[in-house]
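Each chain gets a letter, A, B and so on, in the order its sequence line appears, and its residues count up from 1. In this text the structure is predicted, and so the values were computed from the model without any measurement.
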2 protein chains.
Amino acid sequence: MRVELTIKDIARLAGVSTATVSRVINDYPGVREKTRIRVKKVIDKFGYQRNILARKLVTKKTSIIGVVLSDITNPFYSEIARGIEDEARKWGYTVIFGSTDNTREIQKEYVNLFREQRVDGIIFASVALQDPDVEKLFKEDVPFVLVNRKLDTIKTDFVVLDNVKGAYMAAEHLIKLGHKRIGFICGPLNYSTGVDRLRGYKEALRKYNIEEYPELVKSGNFRQESGYRAFKEFMSMKSPPTAVFASNDFMALGVLEAALELGIRIPEDIALVGFDDINFASFKFVSLTTVAQRKYEMGAKGIQLLIKKIESSERWIPQEIYLKPRLIIRGSCGYKLSGKKRKKGGVR
Amino acid sequence: MRVELTIKDIARLAGVSTATVSRVINDYPGVREKTRIRVKKVIDKFGYQRNILARKLVTKKTSIIGVVLSDITNPFYSEIARGIEDEARKWGYTVIFGSTDNTREIQKEYVNLFREQRVDGIIFASVALQDPDVEKLFKEDVPFVLVNRKLDTIKTDFVVLDNVKGAYMAAEHLIKLGHKRIGFICGPLNYSTGVDRLRGYKEALRKYNIEEYPELVKSGNFRQESGYRAFKEFMSMKSPPTAVFASNDFMALGVLEAALELGIRIPEDIALVGFDDINFASFKFVSLTTVAQRKYEMGAKGIQLLIKKIESSERWIPQEIYLKPRLIIRGSCGYKLSGKKRKKGGVR
DNA sequence: CGGTAGAATGTAAACGTATTCAAATAACTT
DNA sequence: AAGTTATTTGAATACGTTTACATTCTACCG
């Protein structure tokens, strides 16, 4: 790499002091138009790129934000990530992602890395209900925002979907289609998304006076295999559910796989609803009815909030943002859409 | 945030000079065991985290690597990204991703951002055949590595799949299944992946003395809709192809959608092969025969290469790495697997 | 025990910017 | 035109490390 000019060189070449050059570079006021132009000309002519490291050293602001999420490969998270990335760029921030695979050790490693890199703040997109790392940051006053999943132990900023409401809507929809025995594939109960969706499901049953059968609630881990397994278990019961609500789309995909294997038709034999509306859910040969959340927007909102918090000078009051869920009705729930849609029957 | 101790404080507290502290921190030799321990104790007791910015300023090494790819949301790229991320972490590097949507302007913006951030090197995962940005970096001796797609205009490092071979294998497979009219949905011809896969397809036809019909090659853009459109066009021909080879999986998914809509069965009516082996291809209700590439590994290899290049002191000779493609035979091509697999027939 | 090589430690100068405060200059005011 | 105020400019310092070089210790030798 060729040699780089410094602010000193520019100052010398323009016949001014480094302070003036600095002021010009940062568009600070208090420099005469004439000299401003002169300095700019020199910069254009000889080329200059300020050394952001030196700048960061003195300003103590890196404009970097760390993001921990469980897996960038997971389409759910990659959409959030994209929202974060795009929005960050707009505000002049750079982001570093860390995929933890929901592992405490790797999360800790990334949090340490982020702090070593002197990030201005951190976004957690996949926090657990008990999270020592986050609580530590809270105590130490490091700015952060939770996204997607929240935490009850501390009062802090978050942007999440109203998961209770979303699950309620999904269950309600199945109930209104006439289902009385609705199997629920639960997410991990150490995540707010897991417990909230379970709560929503139960609330709907209660509201419509439908008896709760414990055997209709299977635990899953948000991964496809667990949906697959749960569905097979459902189907081996003496009286299986007539509908299944999987608390995320991946598990719903597992259900589809299992159904295909068992020769069970969705939705003709069993209705199915998912949660999240990941990309694949909308493919015609999947056509999964699901509770949608705007993942991109969630990421964008999250980083907006974080940046506001970082840049705010006054005492910050934590913001709790709940996004509205939408039920997207496709083929897998068996709802008969009016008009010409779904003329070809169900999925598969 | 509470006040941070500096190397000076530690030096004072341990009764040594800053140079010694620095040596301890960096595990440099030339400091007596006794003093090393003393310094470490002080650090443990009072807590200290070195300011990496100051360090970077003097060493001129940021240990940051920029990655430009077309879209982190695209499962193909997110897998590459994950490979890069994990491997980078192992080597003590941090990575910044930039999603360009294959846009020249955004790519330029990100390259500028990366340079402003003083990254040690850059990985391009979605370079075009003519790419002024990359050629400029090449001239200016900025270390970079191409991954996934390559460039003919300059001699540089890359890690790509042998796309010609891969496409050849796919086409050959269809030929051996007895197909004579194989529709090809081409990728953009301004990417090496586009042209190489086309070349592989043609080579196979030639090798097996199958006549090439220009109308059997439709242009696509690697996106689902274009596969959808191309398939519909094929099906409106007087004599449509009996098999379709889409040069990536997304376009193959488009084909599946179109087929579903037209009531055409895959593979019974028309055989289908894709390329890339994105996650979704392996789902049972998709079951797409495809040319697999190890995306994670490609990313990991790419960054390994880049780091080696960055850290090498001798004159660097560009490395050209071709990864081997594998044909993964699933349901969509109509190949009858022996044994118990696919007992349920084709897709859908 | 004096001398000396080698190891351990310290001193001081970078690295490239932002920023405070004082000095210089320009712009008004009367 | 002198005095006053506002605006521009510059000098100097700080940010927190690393590192070349000088100095001091230590240990070993004859």
Side-chain angles (χ1 to χ4, degrees), chain A residues 1-43 46-64 92 115-120, chain B residues 1-43 46-64 92 115-120 311 313:
Chain A
M1 278 196 253
R2 49 156 216 255
V3 353
E4 308 258 358
L5 295 184
T6 76
I7 210 177
K8 270 187 203 156
D9 302 315
I10 301 298
R12 195 170 28 77
L13 289 165
V16 296
S17 73
T18 61
T20 302
V21 176
S22 175
R23 281 188 272 256
V24 171
I25 290 169
N26 294 299
D27 265 327
Y28 284 167
V31 31
R32 206 175 329 177
E33 204 48 31
K34 229 177 72 185
T35 55
R36 188 182 293 277
I37 290 176
R38 180 149 46 100
V39 172
K40 280 199 170 159
K41 271 209 180 122
V42 172
I43 289 178
F46 295 93
Y48 165 75
Q49 183 162 50
R50 87 153 138 227
N51 186 323
I52 212 168
L53 295 171
R55 165 175 237 269
K56 288 175 177 173
L57 178 58
V58 16
T59 61
K60 294 179 178 324
K61 178 157 180 23
T62 57
S63 295
I64 300 179
R115 302 197 66 178
E116 192 192 31
Q117 297 289 333
R118 291 322 214 242
V119 299
D120 289 339
Chain B
M1 275 194 257
R2 47 157 217 255
V3 352
E4 308 257 358
L5 295 183
T6 75
I7 211 177
K8 267 186 204 158
D9 302 315
I10 301 298
R12 194 168 29 79
L13 289 164
V16 296
S17 73
T18 62
T20 302
V21 177
S22 175
R23 281 187 273 256
V24 171
I25 290 169
N26 294 300
D27 266 326
Y28 285 165
V31 31
R32 206 175 330 176
E33 203 49 27
K34 229 177 69 185
T35 55
R36 187 182 292 276
I37 290 177
R38 181 150 44 100
V39 172
K40 280 196 169 162
K41 271 206 181 125
V42 172
I43 289 177
F46 296 92
Y48 165 73
Q49 183 162 48
R50 87 154 140 227
N51 187 323
I52 213 170
L53 296 171
R55 167 173 234 269
K56 287 174 177 174
L57 178 59
V58 18
T59 61
K60 291 176 181 323
K61 181 162 180 14
T62 57
S63 294
I64 299 178
R115 302 197 68 178
E116 192 190 30
Q117 297 289 333
R118 298 303 218 255
V119 299
D120 289 339
E311 297 185 349
S313 42

Spacing between [X] atom [atom1] and [N] atom [atom2], to the nearest angstrom:
X        : N      : atom1 : atom2 : result
B:Gln117 : C:dG16 : CD    : P     : 17 Å
A:Arg38  : D:dT8  : CZ    : P     : 14 Å
A:Glu33  : D:dT8  : CD    : C1'   : 13 Å

Inset, instruction - Taking only the side-chain nitrogens and oxygens of A:Arg32, find out if one of them lies under 4.0 Å from OP1 or OP2 of D:dT7. - result: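 No, because none of the side-chain N or O atoms of A:Arg32 sits under 4.0 Å from OP1 or OP2 of D:dT7.
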Inset, instruction - Would you give the length of the straight line joining atom CD of B:Gln49 to atom CD1 of B:Ile25, rounded to the nearest 0.5 angstrom? - result: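 Taking CD in B:Gln49 and CD1 in B:Ile25, the distance rounds to 11.0 Å.
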Inset, instruction - Could you tell me the separation between the CZ atom of B:Arg118 and the NZ atom of B:Lys60, rounded to the nearest 0.5 Å? - result: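 Nearest 0.5 Å value for the CZ-NZ distance: 8.0 Å.
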Which pairs, protein N/O on one side and nucleotides 15-19 of chain D N/O on the other, fall under 3.5 Å?
residue	atom	partner	partner atom	Å
D:dC15	O3'	A:Lys60	NZ	3.1
D:dG16	OP1	A:Lys60	NZ	3.0
D:dT17	OP1	B:Tyr48	OH	2.8
D:dT17	OP1	B:Asn51	N	3.0
D:dT17	OP2	B:Ile7	N	2.6
D:dT17	O5'	B:Tyr48	OH	3.1
D:dT18	OP1	B:Asn26	OD1	3.4
D:dT18	OP1	B:Asn26	ND2	3.0
D:dT18	OP1	B:Arg50	NH1	3.4
D:dT18	OP1	B:Arg55	NE	3.0
D:dT18	OP2	B:Ser22	OG	2.5
D:dT18	OP2	B:Asn26	ND2	3.4
D:dT19	OP2	B:Tyr28	OH	3.2

Inset, instruction - Decide if atom NZ of A:Lys41 counts as having more than 12 heavy atoms of other residues, nucleotides or ligands within a radius under 6.0 Å. - result: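 No, the 6.0 Å shell around NZ holds no more than 12 heavy atoms from other groups.
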Inset, instruction - Can you establish whether the number of heavy atoms outside A:Lys8 located under 6.0 Å from its atom NZ is more than 12? - result: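 Count not over threshold, so no.
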Inset, instruction - Please determine if A:Arg36 and A:Asp27 form a salt bridge, counting it only when a charged side-chain N lies under 4.0 Å from a carboxylate O. - result: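 Yes, charged N to carboxylate O under 4.0 Å.
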Inset, instruction - Say whether, by atom type as modelled, one donor and one acceptor occur between the side chain of B:Arg38 and the main chain of B:Ala14 under 3.5 angstrom. - result: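 Yes, because the side chain of B:Arg38 sits within donor-acceptor range (under 3.5 Å) of the backbone of B:Ala14.
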